[in-house]
There are 2 protein chains.
Amino acid sequence: MNIGEASDRAGLPAKTIRYYEDIGLITPARTDSGYRDFSDTDLHRLIFLGRARGLGFTIEECRALLQLYDDKSRASADVKRIAQQHLVQIGEKIAELEAMRATLSDLVDACHGDHRPDCPILTGLSRS
Amino acid sequence: MNIGEASDRAGLPAKTIRYYEDIGLITPARTDSGYRDFSDTDLHRLIFLGRARGLGFTIEECRALLQLYDDKSRASADVKRIAQQHLVQIGEKIAELEAMRATLSDLVDACHGDHRPDCPILTGLSRS
DNA sequence: GGTTGACGTTCCAGTCACTGGAACCCCTAT
DNA sequence: ATAGGGGTTCCAGTGACTGGAACGTCAACC
């Protein structure tokens, strides 16, 4: 199949697929005229990439996961370790955002939000 | 004060401060020899920027907030609106990360994590 | 067989918010 | 005079794409 169909079926923009080839995550075949020709295996890798990226894995983590995916003798523990590290990172990010939300929420609550120029949000942001 | 002291007192890398000048968020004076010369007002703006960025406001949001900060006749409602929009965005991001965490957590739980090659995480990522 | 239009190709530049590094200048102390 | 620790500019790179230009290919229709 060519890139349009692969794009539809994997749910990834064609641009992104070309980019993934550029950085060596996939290596689709080529037709005589130079069109990319995606096999089912290529498609599966693209779907895999879409999911893993959707779960917030970085490209390099995806590369590592794909290597494990290809490696028939991998230990599932290797995969689990990567996934668990990533879970920790997600947790940290959530905590960070929740701290932001709490701080900003306090500032917003303190702001009367009318036409007067006095604003606790700006004061809160600038106090040293 | 020159950039090193401003950097220390604002808690921002000198590189970042130069960048902020580049994109017009601050315009410190210059000495005869070309060194940047930060006033207290400049420092306050830097602190303001550091806080706002720390709360996840984008540079353009910071620019808008700084304009409101400078505008003696602003309405606090304008500031509140920006902050509330940002709160919504933070909430969305948290929800997204929590969905990721749930999915990935399920996959990790399903993985026995031993030396065997069979791995539910990889299977889960590739199933279409 | 010619034309149209959708699809494909490559390559370059831009995004966002910095960050690193090179090459150079200035200031103070010894 | 020199050494060092500042400062300066400018260019390039990050991550993960995305937009656009300029061009090639394919299938369908007349």
Side-chain angles (χ1 to χ4, degrees), chain A residues 1-39 42-43 45-66 86 89-90 93 96-97 100, chain B residues 1-39 42-43 45-66 86 89-90 93 96-97 100:
Chain A
M1 80 197 74
N2 53 22
I3 202 165
E5 192 182 342
S7 166
D8 284 349
R9 292 174 62 181
L12 291 171
K15 275 267 179 193
T16 301
I17 295 176
R18 289 193 195 99
Y19 171 69
Y20 286 170
E21 181 181 6
D22 244 38
I23 61 173
L25 291 179
I26 44 161
T27 43
R30 296 288 180 134
T31 66
D32 288 349
S33 63
Y35 279 26
R36 286 172 186 81
D37 185 16
F38 295 83
S39 68
D42 292 325
L43 186 61
R45 290 174 77 88
L46 288 174
I47 291 166
F48 185 102
L49 284 166
R51 304 256 159 135
R53 291 287 302 123
L55 286 172
F57 286 96
T58 65
I59 289 286
E60 289 317 307
E61 283 168 336
C62 288
R63 197 189 297 278
L65 286 172
L66 274 178
H86 188 54
Q89 285 167 21
I90 292 175
K93 210 141 207 182
E96 201 182 329
L97 284 168
M100 278 183 202
Chain B
M1 82 196 73
N2 53 22
I3 203 167
E5 193 182 342
S7 167
D8 285 350
R9 290 173 62 181
L12 289 173
K15 276 265 178 192
T16 300
I17 296 175
R18 291 193 193 99
Y19 172 69
Y20 286 168
E21 181 181 6
D22 245 37
I23 61 174
L25 291 180
I26 43 161
T27 42
R30 296 287 181 137
T31 65
D32 288 349
S33 61
Y35 279 27
R36 287 172 185 80
D37 186 16
F38 295 83
S39 68
D42 292 326
L43 185 60
R45 291 175 76 87
L46 287 174
I47 291 166
F48 184 101
L49 284 166
R51 303 255 159 134
R53 292 285 304 124
L55 286 172
F57 286 96
T58 65
I59 288 287
E60 289 317 306
E61 283 168 337
C62 288
R63 198 187 298 277
L65 286 172
L66 274 177
H86 188 55
Q89 285 167 20
I90 293 175
K93 211 144 206 180
E96 199 181 331
L97 284 168
M100 278 184 203

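Note: hydrogens, waters and symmetry copies are ignored here, and every other heavy atom, side chains too, is used.
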Which value, rounded to the nearest 0.5 Å, describes the distance between [X] atom [atom1] and [Y] atom [atom2]?
X: Ile26(B); Y: Leu46(B); atom1: CD1; atom2: CG; answer: 4.5 Å
X: Thr27(B); Y: Phe38(B); atom1: OG1; atom2: CZ; answer: 10.0 Å
X: Leu12(B); Y: Ile47(B); atom1: CG; atom2: CD1; answer: 9.0 Å

Just the rounded figure in Å: distance from C1' of dG24(D) to CD1 of Ile3(A).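 In whole Å, dG24(D) C1' and Ile3(A) CD1 are 15 Å from each other.
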Can you tell me how far P of dT14(D) sits from CG of Asp22(A), to the nearest Å?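 Spelled out: CG on Asp22(A) to P on dT14(D) is 14 Å.
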Estimated bend of the helix from dG1(C)-dC30(D) to dT30(C)-dA1(D) (axis per five terminal pairs, rounded to 10 degrees):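 The helix from dG1(C)-dC30(D) to dT30(C)-dA1(D) shows an end-to-end axis angle of 30°.
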For the student: nearest non-hydrogen atoms of Leu49(A) and Cys62(A), plus distance: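 Smallest heavy-atom distance, with atoms named: CD2-CB, 3.7 Å.
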Please name the pair of heavy atoms, one in Pro28(A) and one in Asp42(A), separated by the smallest distance, quoted to 0.1 Å.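 Shortest heavy-atom separation between Pro28(A) and Asp42(A) comes out as CA-OD2, 3.6 Å.
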Under 3.5 Å, side chain of [X] to main-chain N/O of [Y], donor-acceptor pair present?
X: His86(A); Y: Leu55(A); answer: yes
X: Asn2(A); Y: Arg36(A); answer: no
X: Arg45(B); Y: Leu66(B); answer: no

Side chains of Arg63(B) and Ile23(B): does their closest heavy-atom pair fall under 4.5 Å?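 Yes; the side chains approach each other to less than 4.5 Å.
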Any side-chain heavy atom of Leu25(B) within less than 4.5 Å of one from Tyr19(B)?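 The answer is no; the side chains never approach within 4.5 Å.
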Pairs involving residues 8-18 of chain A, ordered by first then second residue, that meet side chain to side chain donor-acceptor pair (under 3.5 Å) (sequence neighbours left out):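 As it turns out, the side chain to side chain donor-acceptor pair (under 3.5 Å) pairs with a partner in residues 8-18 of chain A, which skip direct neighbours, are Glu5(A)-Arg9(A).
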Name all residues meeting the side chain to side chain donor-acceptor pair (under 3.5 Å) criterion together with Arg53(A); count only those two or more places apart in sequence or in a different chain, and write none if there are none.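 In terms of side chain to side chain donor-acceptor pair (under 3.5 Å), with neighbours along the sequence ignored, Arg53(A) is linked to no residue.
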Kindly state which residues belonging to residues 11-20 of chain A come within less than 4.0 angstrom of DNA chain C, counting heavy atoms of the residue only, listed by number.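 Those residues are Lys15(A), Arg18(A).
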Where does the chain A footprint on DNA chain C start and end, counting 5' to 3' with a 4.0 Å heavy-atom cut-off?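 Extent of the interface on DNA chain C: dC7(C) to dC11(C).
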For DNA chain D, which residues of residues 23-37 of chain B approach it to below 4.0 angstrom with any heavy atom?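 Residues of residues 23-37 of chain B that come under 4.0 Å of DNA chain D are, in numerical order, Arg30(B), Gly34(B), Tyr35(B), Arg36(B).
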Do Glu96(A) and Lys93(A) sit within salt-bridge range, that is, some charged N less than 4.0 Å from a carboxylate O?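 Answer for the salt bridge query: no.
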